[in-house]
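Chain letters run A, B, ... following the sequence lines, proteins first, then strands; residues in each count from 1.
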2 protein chains.
Amino acid sequence: MSKKPSRLPSPAAPANPGDPLQLDLFVPYRLSVLSNLISHTVATIYGERFGLAIPEWRVMAVLGLAQHQGTPMCANAVAQRTEMDKVQVSRAVSRLLTLGLLGRTVDKADRRKANLTLTDAGYAVYQQIVPLALQYEGELLDTLETDELMMLERLLDKLTKTARGLSASFQPAETP
Amino acid sequence: MSKKPSRLPSPAAPANPGDPLQLDLFVPYRLSVLSNLISHTVATIYGERFGLAIPEWRVMAVLGLAQHQGTPMCANAVAQRTEMDKVQVSRAVSRLLTLGLLGRTVDKADRRKANLTLTDAGYAVYQQIVPLALQYEGELLDTLETDELMMLERLLDKLTKTARGLSASFQPAETP
DNA sequence: CCAATTTAGTTTCACCTGAAACTATTTCCA
DNA sequence: TGGAAATAGTTTCAGGTGAAACTAAATTGG
């Protein structure tokens, strides 16, 4: 008849005033536990075998793809692509430079920018990590049926979009 | 004919050697972005209005429920319930004690333990936060259809279970 | 019984992290 | 032009965090 009863079988939500909240039914909490669990495992894999932390791996991941496509990237572009902030990228890049996995060349046209590329050593590491990462993802998703996998994709997209909206609406934004 | 082609429409997974990995199709990465986005917003809400960080709120959440059920809890039980480690719990508890939101009484029978309870002030804060938390969750999930919501539940459970298994298998476990 | 082990919880240490301040360069526009 | 504002990237600072060491109490078994 009407639209939809605004989440009837709702997760944690009795939503009657005075009702308690059960943490392990609370979606933000559950997502956080899941995400931390995965990140921890993945960090262990990268860390033990390659001495890389997740931010470093992410930088390499986007640069590896850029390399593949022949498009050099500057730190700022990496930051946008990875959704990390520029401080994190700056630090990850400097560690990767020290490790000799990255090269940096100041842009001729705009000397504030520097193009980042994987060195041969960096690309070799990249080519070792990619299959490991995909293998982990594969094992994680292996118990899901095809329809569940499709829905997971869809849910990640929808929730991320909604969460972005809520983030913006809760952090009022400055009006200078 | 056979089981299932082992994730055909797989997310990030071309899985052919040499193929690149596209970060924004990689499920662990996407989950991390989503979870961070949500945690950040939620932390802002709790932080601005109550001066509480997420670990503190989690401790209060489980103690609030325990209170509701008349079951007092010690720090260790809180740690298990929240999936935080005991260090984190210890710190959160001591901050909450300082804020006067928690009371602690050393257990008569086992003087290593201490029962933790929300003070009246703590319970008052708890009762203010719960609706805010549920409201945030509600808004986050509001765009989902009923079937999507049910699938979300199921996916969180399945993935968490699988991730736990993978975590164990990647961190060999000690054999003393 | 009492030494060895286990358990509850705290402290230490070394590192990570985000926000804000800062430098260097470029762009904008009066 | 040339000074104000914007942009790329780094550094600083003030916490937060986990692993490991530590304290205190309780349990175990010889």
### Query
Between M84(B) (CE) and dT10(C) (C1'), how many Å, whole number?
15 Å
### Out of dG9(C), dG18(D), dT10(D), whichever nucleotide has its closest atom nearest the side chain of D85(B)
dG18(D)
### Query
In terms of hydrophobic clusters joined by side-chain contacts under 4.5 Å, are I38(B) and V33(B) together?
yes
#### Entry: salt_bridge(E145(B), R154(A)) N-O dist < 4.0 Å
no
### Message
Looking at every non-hydrogen atom in both residues, tell me the closest pair between R58(B) and T82(B) and how far apart they are.
### Response
O-CG2, 3.8 Å
### Task
Return no unless some side-chain N or O of Q88(B) is found under 4.0 Å from OP1 or OP2 of dG18(D).
yes
### Summary
Atom NZ of K86(A) and atom P of dG9(D) are separated, to the nearest Å, by 9 Å
### Query
With a non-hydrogen cut-off below 4.0 angstrom, is A79(A) in contact with a base, only sugar-phosphate, or nothing?
nothing
### hbond_proxy R111(A) side chain to dT25(C) base (donor-acceptor, 3.5 Å cutoff)
no
### Message
How about CG on D147(B), more than 12 heavy atoms from neighbouring residues, nucleotides or ligands closer than 6.0 Å, or not?
### Response
yes
### Query
Rounded to the Å, how far apart are N115(B) CG and dA8(C) C1'?
12 Å
#### Entry: d(NZ, K108(B); C1', dA25(D)) in whole Å
15 Å
### Summary
Whole-Å distance, D107(A) CG to dT25(C) P, equals 13 Å
### Query
What does K113(B) touch in the nucleic acid at a heavy-atom separation under 4.0 angstrom: a base, only the sugar-phosphate, or nothing?
sugar-phosphate
#### Entry: Between P of dA19(D) and CD of E48(A), the distance in whole Å
13 Å
### Summary
When V87(A) and R112(A) are each assigned the nearest nucleotide of DNA chain D, the 5'-most assignment goes to R112(A)
### Task
Round to a whole Å and report the spacing from CD of E83(B) to C1' of dG18(D).
16 Å
### Task
Would you mind telling me which of dA26(D), dT11(D), dT26(C) lies closest to the side-chain atoms of S90(A)?
dT11(D)
### Message
Quick one, D107(A) and N115(A) - any side-chain contact, counting heavy atoms below 4.5 Å?
### Response
yes
### Message
Can you tell me whether the side chain of R91(A) and the base of dG18(C) have a donor-acceptor pair closer than 3.5 Å?
### Response
yes
### Message
For a quick check of understanding: with a heavy-atom distance under 4.0 Å over all strands, which category does A114(B) fall into, base, sugar-phosphate or nothing?
### Response
sugar-phosphate
### Task
Take atom CG of N36(B) and atom C1' of dG18(C), then tell me their distance rounded to the nearest Å.
12 Å
### Task
Look at H40(A) and dT17(D) and indicate whether a side-chain polar atom (N or O) is within less than 4.0 Å of OP1 or OP2.
no
